[in-house]
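Below: one structure, written as structure tokens.
Keep in mind that what you see is a predicted model, and the values were worked out from it rather than measured.
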Number of protein chains: 2
Amino acid sequence: MPHRAVVPITAEGLKTACSQCNLQELCLPFGMSDGDINQLDGLIGARRKVKRHQHLYRVGDTFEAIYAVRTGSFKTDVLLEDGREQVTGFQMSGEIIGLDGISTDAHTCNAVALEDSDVCIIPFANLETLSREVESLQHQFHKVMSREIVRDHGVMMLLGSMRAEERLAAFLINMSQRFTARGFSAAEFHLRMTREEIGSYLGLKLETVSRAFSRFQENGLIKVQQKHIRIVNIGGLKALLSHLPSV
Amino acid sequence: MPHRAVVPITAEGLKTACSQCNLQELCLPFGMSDGDINQLDGLIGARRKVKRHQHLYRVGDTFEAIYAVRTGSFKTDVLLEDGREQVTGFQMSGEIIGLDGISTDAHTCNAVALEDSDVCIIPFANLETLSREVESLQHQFHKVMSREIVRDHGVMMLLGSMRAEERLAAFLINMSQRFTARGFSAAEFHLRMTREEIGSYLGLKLETVSRAFSRFQENGLIKVQQKHIRIVNIGGLKALLSHLPSV
DNA sequence: TGAGGCGTTTGATCCACGTCAACCCGCTTG
DNA sequence: CAAGCGGGTTGACGTGGATCAAACGCCTCA
């Protein structure tokens, strides 16, 4: 795989206005006043399309911007020298990618599109400048970063202390909630990632993920058809989580 | 090895001046100019002593400040309903605790002192105000948050993709580096946490941690005496990490 | 339309780590 | 001084998930 040079900026150099975006409630502007949001419009750089399996950025790329997912979805991952991969997260519309790069001015993980996707480029220098002027933006950005830390703690809990079926139940419940927040069905959705990627995220092998899916189906918790999931008994899934070691 | 006396302790309840603190290089002011650091002096609230096993904050406490560890050390953890604990991190002098609270204005994990400790209280509202005025502070704070995210990704890698001995080797190398950065020996140090806490952090049971320590000792990598660790062969430890699945 | 490939499922077997249990050591406390 | 206790080590054994392997369904593309 040849390393992509910089972005061959495609024709759609269209800027996106936060003030007119229907993802406001899920994205950086969440909770800001209309007036403050208007000030964001100058902040967002061009959009960028990323095709399925293409990288938005790679480990080592110099850090210049963070990205807000507009359409599609991504995974972020880190690699060990021997090729082992750890997926650190899946990102959907409205979510922010790239915060890892701030610490060293270079990205420390890879971001790969799971499907043809579309992001808003938020030049970081501009974001810092504007958030010195717009208090609500500053505060909102801090919340976004903190939320990422809290999310990571949740994943650490999952990886460190849960068994396979608990992990997968937590994953499904989380996906369901995020689809719901985006106006999709809470009970029926299409996973964009493979069993192997789910497994990497959950610290499991793909066979184990597959078996857990099958078990859930046998137990009437869900219906699985490849990547299409229908949750039949959400209560049952949640019970898997809060359960004492299943006496 | 006795703990080196880090700070000429001034009287109790005194505010701490960042401009005169010898932890500058490890703490929030890192990389800021002397002039900018002087502006921090007004920011820091009182200090607070926390005795061994006492909480600095608990899940649910309203979020008002972040903390910089001055002396001693802490663990942060989250709990599952059934009592399972996941240690999410260990913090040493100069490191910042409490960033998890920003996202919801309430803390989402517990912070417990591992030994009698001492923190600087940094009222968060003040920090946001000042960082709108002092660009270097703003940038530095963003780096601190990002570094926490990157660190969490490392832990996820560890929990999701490494085997027991790799995890412990990574832990020891990390501890060694952090002690070194604080002017202590890289090869010989005193762990402040129990085997159970290490295990919780690494996603292992305490027996497994103990056995891995013993194995390392058998193999001439380290010397263990309870909490006292001496690294004999750091290269060997590092090799455990970069090794292909030990063919 | 057929062939090849990727992703997934499922079965059989293995093993790293968990579990259970005994014991040791150093500290504290009456 | 003994008794109690928290932390650590070590051994025997069990098991959840990894590994190895086979087969299947769906999708792409010639």
Side-chain angles (χ1 to χ4, degrees), chain A residues 51-53 75 82-87 112 114-116 158-169 171 190-219 222-229 240 243-247, chain B residues 52-53 75 82-87 112 114-115 158-169 171 190-219 222-229 240 243-247:
Chain A
K51 285 203 154 328
R52 187 165 125 100
H53 293 167
K75 70 169 175 180
D82 59 19
R84 278 179 283 181
E85 176 194 31
Q86 176 68 35
V87 171
V112 182
L114 295 176
E115 59 192 308
D116 291 357
L158 180 148
L159 291 171
S161 313
M162 293 186 180
R163 41 192 54 262
E165 295 194 359
E166 291 173 321
R167 295 182 200 191
L168 191 63
F171 172 74
H190 188 84
L191 297 175
R192 306 328 281 224
M193 66 293 287
T194 67
R195 299 286 188 264
E196 185 168 20
E197 287 164 334
I198 296 172
S200 170
Y201 181 61
L202 299 179
L204 303 169
K205 291 295 164 183
L206 68 94
E207 296 94 329
T208 304
V209 173
S210 178
R211 276 186 247 270
F213 272 129
S214 300
R215 186 88 55 88
F216 285 175
Q217 179 160 275
E218 283 166 25
N219 297 345
I222 64 175
K223 280 284 206 180
V224 192
Q225 259 177 279
Q226 306 282 116
K227 292 187 154 68
H228 188 89
I229 305 288
L240 276 180
H243 235 321
L244 299 172
S246 79
V247 185
Chain B
R52 186 164 126 101
H53 292 166
K75 70 169 176 180
D82 58 20
R84 278 179 284 181
E85 175 195 30
Q86 176 68 36
V87 171
V112 183
L114 295 176
E115 58 191 307
L158 181 148
L159 291 171
S161 314
M162 293 185 180
R163 41 192 52 263
E165 295 194 1
E166 291 173 320
R167 295 183 200 190
L168 191 64
F171 172 75
H190 187 85
L191 298 175
R192 307 324 279 221
M193 66 293 287
T194 66
R195 298 289 188 264
E196 185 168 20
E197 287 163 335
I198 296 172
S200 170
Y201 180 62
L202 299 179
L204 303 168
K205 291 295 164 183
L206 67 94
E207 295 95 329
T208 304
V209 174
S210 178
R211 275 187 247 268
F213 271 128
S214 300
R215 186 87 55 90
F216 286 175
Q217 179 161 277
E218 284 165 27
N219 297 345
I222 64 174
K223 280 284 204 181
V224 192
Q225 258 177 282
Q226 306 283 112
K227 293 186 154 70
H228 187 89
I229 305 288
L240 276 181
H243 235 319
L244 299 170
S246 80
V247 185

Tell me the interatomic distance from [X], atom [atom1], to [N], atom [atom2], rounded to whole angstroms.
{"X": "B:Leu206", "N": "D:dT10", "atom1": "CG", "atom2": "P", "value": "13 Å"}
{"X": "A:Glu165", "N": "D:dG16", "atom1": "CD", "atom2": "P", "value": "10 Å"}
{"X": "B:Ile229", "N": "D:dG8", "atom1": "CD1", "atom2": "P", "value": "10 Å"}
{"X": "B:Phe213", "N": "D:dG7", "atom1": "CZ", "atom2": "C1'", "value": "13 Å"}
{"X": "B:His228", "N": "D:dG8", "atom1": "NE2", "atom2": "P", "value": "15 Å"}
{"X": "B:Gln226", "N": "D:dG7", "atom1": "CD", "atom2": "P", "value": "12 Å"}
{"X": "A:Arg211", "N": "D:dA21", "atom1": "CZ", "atom2": "P", "value": "14 Å"}

For chain A and DNA chain C, what are the first and last nucleotides along the strand, 5' to 3', with at least one atom under 4.0 angstrom from a heavy atom of the protein chain?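 Going 5' to 3' along DNA chain C, contacts run C:dG7 to C:dA12.
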
Find the bend of the helix from C:dT1-D:dA30 to C:dG30-D:dC1 as the angle between its two terminal axes (five pairs each), to the nearest 10°.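 Inter-axis angle at the ends, rounded: 40°.
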
Is there side-chain contact between [X] and [Y], with heavy atoms separated by less than 4.5 Å?
{"X": "B:Ile198", "Y": "B:Leu168", "answer": "yes"}
{"X": "B:Tyr201", "Y": "B:Arg167", "answer": "no"}
{"X": "A:Met193", "Y": "A:Lys75", "answer": "no"}

Testing D:dG8, D:dC20, D:dT10 for proximity to the side chain of B:Arg195, the answer is D:dG8

Quick one: does B:Gln86's side chain have a donor or acceptor within less than 3.5 Å of a partner on B:Ser200's backbone?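 Yes.
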
On the nucleotide D:dT19, are OP1 or OP2 found under 4.0 Å from the side-chain N or O atoms that A:Lys205 carries? yes

Reckon A:Thr208 has a side-chain N or O less than 4.0 Å from the OP1 or OP2 of D:dG17? no

If you assign A:Arg163 and A:Glu207 each to the DNA chain D nucleotide with the nearest heavy atom, which residue ends up on the more 5' nucleotide? A:Arg163

Residue pair A:Glu166, A:Leu158: steps toward the side-chain contact (heavy atoms from CB on, under 4.5 Å) verdict: CA-CA 8 Å; A:Glu166 291 173 321; A:Leu158 180 148; over 6 Å; no

Closest-nucleotide ordering on DNA chain C, the 5'-leading residue of A:Glu196 and B:Arg167: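 Comparing both residues, the 5'-ward one is A:Glu196.
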
Pair A:Asp116 + A:Arg52, salt bridge at N-O below 4.0 Å: no

